[in-house]
Amino acid sequence: MKKSALHPLVAEVGKANKKLFRTIYKAIERYSKIVVFRHIKPDFDAFGSQMGLYTFLKDNFPEKEVHFVGDNHPTFTPRLFPTSETLPNEWFKGGDFLAIICDVGDDERIADPRYRHARYKIKIDHHPCKKEIAKRASFLDTEAAAASELVADLLLNYPGKVLSQEAARYLYIGIVGDSGRFLFSSTSPHTFAVSEALIATGFDLHETYLAMYEKNIDSLHSLGYVLSHFKVTEHGVAYYLLPKEVQEELHITPILGKEHVNAFSNIAGINAWCSITEDPQPKDYCWRISIRSKRADISEVARKWRGGGHAQASGARIESLDDLESFLGDLDSLFA
């Protein structure tokens, strides 16, 4: 397939990051072994950016050994994304490989800690970070709607290389997922320009959306529970609790606790909304919170409560329900 002319907004990113992109391209071409990493508890963008990049590398560098690792998702894999590879510890010994880390702000959220063994690291992300993971080659833009948007910039600008339908489809899924179907304020003309280039490869857009948002009967029951048990604070913060026993009753896992958080996104009088899900894992017990907002920047509140993220979409956590009132008070004060 012939490579078409770049959209000016995509080409502009390539020009602005010419030196950095050249550094990344050289590293990709130098290493014969490459592993693509992403964050724990993956979402559309974590999978999309990882698998889009992985597929591009496999397509354009068939002579290289390329892998992808990380935890799986209870409904996305293998229905929407392939099951992650399992690499033995011996594979990482010696460190003679390139690690490319997608959609991760800080190192504690990388799904596989063995990235540390890599001789060279590249990071592509749109989250604010406390400590840079890849100091020599980090493509970071906190204004981007998705990490997949940035991966697409990098790959579309790659001289002499072509983005396949499969790779483009993965990246498009990531962009749609993290932009809230292009509704979040992070969506920009550049987001649409990248999406146009991805769609132009010819993947089936209709089937992609069907696969992304397919639900099962258990999901319908859990939505019914959420709509029957949510509460709203004085200043319009909607929230629902999913304790362990309710998850068991609904046949869902903690990672699916936020599945219906956006059921409140278009309701007049609701300014922000969040899911609050008990995660009973012994080594990291907490209540995980996914927060969304119509307009106000919720990221500072998220950071205060051991999380972070974007202006209208962030995550946080509390150690017990004893902290719930204080957390909700901080969020509610944004709209007082």
Side-chain angles (χ1 to χ4, degrees), residues 39-41 43-46 103-106 108-109 125-130 140-147 149 175-188 191 223 225-243 254-279 286-336:
H39 66 67
I40 58 171
K41 301 186 183 302
D43 55 9
F44 286 128
D45 193 28
D103 197 35
V104 187
D106 297 298
E108 66 266 20
R109 285 187 52 76
D125 188 37
H126 66 141
H127 296 92
C129 63
K130 293 174 286 190
L140 173 68
D141 183 357
T142 57
E143 301 297 317
E149 183 177 346
I175 292 171
V176 170
D178 246 29
S179 69
R181 303 193 211 188
F182 306 106
L183 292 175
F184 294 161
S185 62
S186 56
T187 303
S188 68
T191 309
L223 175 60
Y225 178 89
V226 167
L227 295 179
S228 300
H229 292 82
F230 73 91
K231 297 179 180 179
V232 183
T233 66
E234 180 183 1
H235 298 294
V237 176
Y239 67 97
Y240 60 89
L241 297 173
L242 289 173
I255 198 171
L256 291 177
K258 64 180 181 180
E259 182 181 21
H260 302 299
V261 68
N262 280 322
F264 308 94
S265 61
N266 296 312
I267 308 301
I270 293 181
N271 299 309
W273 48 98
C274 48
S275 62
I276 304 171
T277 307
E278 185 176 15
D279 190 343
C286 67
W287 290 75
R288 298 190 182 276
I289 306 174
S290 289
I291 320 168
R292 303 291 183 268
S293 169
K294 279 181 182 172
R295 296 180 181 87
D297 187 339
I298 53 176
S299 60
E300 285 300 321
V301 172
R303 278 192 282 272
K304 177 180 177 180
W305 291 96
R306 298 185 61 192
H310 309 290
Q312 274 78 52
S314 288
R317 57 186 284 169
I318 54 177
E319 301 310 306
S320 76
L321 292 184
D322 293 339
D323 297 322
L324 180 59
E325 185 176 351
S326 294
F327 165 76
L328 290 172
D330 286 343
L331 202 54
D332 207 43
S333 67
L334 297 177
F335 311 100

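In this text the structure is predicted, and so the values were computed from the model without any measurement. Scope of the values below: all heavy atoms of this structure, side chains included, with no hydrogens, waters or symmetry mates.
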Would you indicate whether the side-chain heavy atoms of [Y] and [X] approach each other to under 4.5 Å?
X	Y	result
Leu241	Leu324	yes
Tyr240	Leu227	no
Ser179	Glu149	no
Asp103	Asp43	yes

Of all the heavy-atom pairs spanning [X] and [Y], show the shortest one and how long it is.
X	Y	value
Ile298	Ser293	CG2-CB, 3.6 Å
Arg303	Glu300	NH2-OE2, 2.5 Å
Ala145	Ser186	CA-OG, 3.5 Å
Gly105	Cys129	O-CB, 2.9 Å
Ile289	Cys274	CG2-CB, 3.9 Å
Ser320	Trp287	CA-CD1, 4.0 Å

Are the side chain of [X] and the backbone of [Y] linked by a donor-acceptor contact shorter than 3.5 Å?
X	Y	value
Gln312	Arg295	yes
Asp106	Glu108	no
Lys294	Ile267	yes

Passing candidate, side chain to side chain contact (heavy atoms under 4.5 Å, CB included) with Ile291, options Tyr239, Phe327, Trp305: Phe327
Paired with Arg181, the side chain to side chain contact (heavy atoms under 4.5 Å, CB included) test is passed by just one of Val176, Asn262, Ile175, namely Val176
Ignoring hydrogens and geometry beyond distance, is a side-chain donor-acceptor pair present between His126 and Asp178 at under 3.5 Å? yes
Can you measure from [atom1] ([X]) to [atom2] ([Y]) and round to the nearest 0.5 angstrom?
X	Y	atom1	atom2	result
Asp45	His127	CG	NE2	7.0 Å
Ser314	Leu331	OG	CG	10.0 Å
Arg317	Arg306	CZ	CZ	4.0 Å
Leu321	Ile276	CG	CD1	8.0 Å
Lys231	His229	NZ	NE2	9.5 Å

Tell me every residue that passes ring-ring contact (aromatic ring centres under 6.0 Å, His included) with Phe44, counting only those two or more places apart in sequence or in another chain. Phe76, Tyr213
Under the rule for ring-ring contact (aromatic ring centres under 6.0 Å, His included), what residues qualify as partners of His235, not counting sequence neighbours? none
Can you name the one residue among Phe264, Tyr225, Trp273 that meets ring pair (Phe, Tyr, Trp, His ring centres under 6.0 Å) with Phe230? Phe264
Partners meeting side-chain hydrogen bond (donor to acceptor under 3.5 Å, both in side chains) with Arg288 (sequence neighbours left out): Asp279, Asp284
Could you walk me through whether Thr191 and Phe184 pass side chain to side chain contact (heavy atoms under 4.5 Å, CB included), step by step? CA-CA 11 Å; Thr191 309; Phe184 294 161; over 6 Å; no
